[in-house]
Number of protein chains: 2
Amino acid sequence: MRPLHHPAIGDVTVEGILHALSEPVRVAIYFGIASADCAQSCSNFLKIDHREIPKSTLSQHFKVLREAGLIRSERLGVEMHNTTRCLELEERFPGLLKSIMNAHRVQLEEQATRARRAKRSQNARASKAA
Amino acid sequence: MRPLHHPAIGDVTVEGILHALSEPVRVAIYFGIASADCAQSCSNFLKIDHREIPKSTLSQHFKVLREAGLIRSERLGVEMHNTTRCLELEERFPGLLKSIMNAHRVQLEEQATRARRAKRSQNARASKAA
DNA sequence: CTATTAGTTCGTAAGTTCCGAACAATGAAC
DNA sequence: GTTCATTGTTCGGAACTTACGAACTAATAG
């Protein structure tokens with residue numbers, strides 16, 4: 001197994017970051033790591049929103065996040081400890097991650113609202129039919 | 001030719017925006033449209049940074065930007081007028097585009113600095129050899 | 001009408017991503 | 001030490017996406 005590669009902060013690109021965070025599963029992973037108060041292992045994400053993610057896929061997603069410079073992964077015993085590199089990144093690209101995270105939050109709330117509305121009108125139809 | 005499709009602002013997704021702007025050519029196009037003071041036609045971008053972009057490829061890039069909700073394209077006579085949707089987008093995802101644009105600017109300046117350094121040390125080697 | 005200009009669509013070759021199966025690395029049990 | 005369980009990586013092929021030349025469409029000029 002070749003050792004994990006983390007780019008120097010100066011080699012991190014905007015394209016890489018945007019590409020990494022243009023994937024819902026990777027965003028969920030990054031959110032999870034960023035909002036946890038301790039390092040997260042990969043296997044914590046085998047289920048995301050009731051959806052099973054195959055572990056080989058998960059491993060690729062972590063690799064993308066790592067090589068984009070978004071997270072740092074360290075082997076600790078049998079598992080991996082993943083943490084964000086948000087301080088370095090904030091210094092290099094001020095405001096970038098915050099506004100991306102915020103935009104994703106806006107979108108998540110909106111999706112939740114839509115889902116509630118849909119469920120309500122579904123219930124209304126059901127009780128009308130009965 | 002089927003008519004161009006512009007998503008409603010409520011259907012614009014963060015993933016779509018990030019994906020669209022994770023491509024250097026598309027970023028250059030978006031920058032060009034955003035910083036121009038009048039609508040830009042596609043053919044203004046057949047050359048970007050001394051690189052020729054085939055027009056079919058260009059057309060696809062415009063389509064991606066359009067369907068991500070980043071630009072609006074209107075046929076005006078034989079050509080296309082492209083403008084950004086930055087006001088709507090700012091309202092929906094506050095700060096997002098600004099910080100992405102800013103990050104790209106940071107990166108561009110840095111690349112320019114690197115290029116100058118490289119050229120200087122190349123010149124130094126050349127005069128040493130002579 | 002033909003010719004020109006600006007963009008789109010189509011087909012295919014090249015590249016990327018997904019995911020199961022096999023593999024590697026560590027720690028614990030014996 | 002050997003074996004087992006757990007965690008994660010790598011490999012290979014199928015599915016998907018992207019790039020770009022050739023053919024096409026739409027508008028306009030002459």
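So that the names make sense, note that chain A is the first sequence line, chain B the second, and so on, each numbered from 1.
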Report task. Using atom NE2 of His5(A) as one end and atom C1' of dT10(D) as the other, report the distance to the nearest whole Å. Result -> 18 Å
Report summary line: Between CG of Leu76(B) and C1' of dT28(D) the distance, given in whole Å, is 13 Å
Query raised in the report: How far apart are the closest heavy atoms of Asp11(A) and Arg114(B), and which atoms are they?
Result: OD1-NH2, 3.5 Å
Query - Listed nucleotide nearest any side-chain atom of Arg75(B), set dA27(D), dT9(D), dT7(D) - result: dA27(D)
Report task. Please determine if Arg72(B) and Glu88(B) form a salt bridge, counting it only when a charged side-chain N lies under 4.0 Å from a carboxylate O. Result -> yes
Report summary line: In whole angstroms, the gap separating C1' of dT17(D) from CD of Glu23(B) amounts to 12 Å
Report task. Could you check how far CZ of Arg26(B) sits from P of dT18(D), rounded to whole Å? Result -> 7 Å
Requested in this report: For a side-chain contact (heavy atoms from CB on, under 4.5 Å) with Arg85(A), tell me which candidate from Ile9(A), Ile71(A), Leu65(A) qualifies.
Outcome: Ile9(A)
Query raised in the report: Separation of Met80(B) atom CE from dT28(D) atom P, in whole Å?
Result: 13 Å
Query raised in the report: Could you state the interatomic distance from SG (Cys42(B)) to CD1 (Ile33(B)), rounded to the nearest 0.5 Å?
Result: 7.5 Å
**Report entry** Residue closer to the 5' end of DNA chain C, Gly77(A) versus Val64(A) (nearest nucleotide)
**Finding:** Val64(A)
Report summary line: Of Glu79(A) and Gln60(B), the one whose nearest nucleotide on DNA chain D sits closer to the 5' end is Glu79(A)
Query - Atom-pair distance (CD on Glu74(A); P on dT7(D)), nearest Å - result: 19 Å
Report summary line: In whole angstroms, the gap separating P of dC16(D) from NE2 of His19(B) amounts to 16 Å
Query - Lys47(A) NZ - dT7(D) P separation (whole Å) - result: 15 Å
Report summary line: For Arg92(B) and Gly10(B) the tightest heavy-atom approach is NH2-O, 3.3 Å
**Report entry** dG8(D) phosphate, OP1 or OP2, under 4.0 Å from Ser43(A) side-chain N/O
**Finding:** yes
Requested in this report: Check every nucleotide of DNA chain C for an atom under 4.0 Å from a heavy-atom of chain B, then give the first and the last such nucleotide from 5' to 3'.
Outcome: dT5(C) to dC10(C)
Report task. Taking all heavy atoms of Gly16(A) and all of Ala68(A), pick out the closest pair and write down the distance. Result -> O-CB, 3.6 Å
Requested in this report: State whether the number of non-hydrogen atoms from other residues, nucleotides or ligands found under 6.0 Å of Gln111(A) atom CD is greater than 12.
Outcome: yes
**Report entry** Phosphate OP1/OP2 of dA19(D) contacted by Thr57(B) side-chain N/O (<4.0 Å)
**Finding:** no
**Report entry** dG21(D) phosphate, OP1 or OP2, under 4.0 Å from Ser56(B) side-chain N/O
**Finding:** no
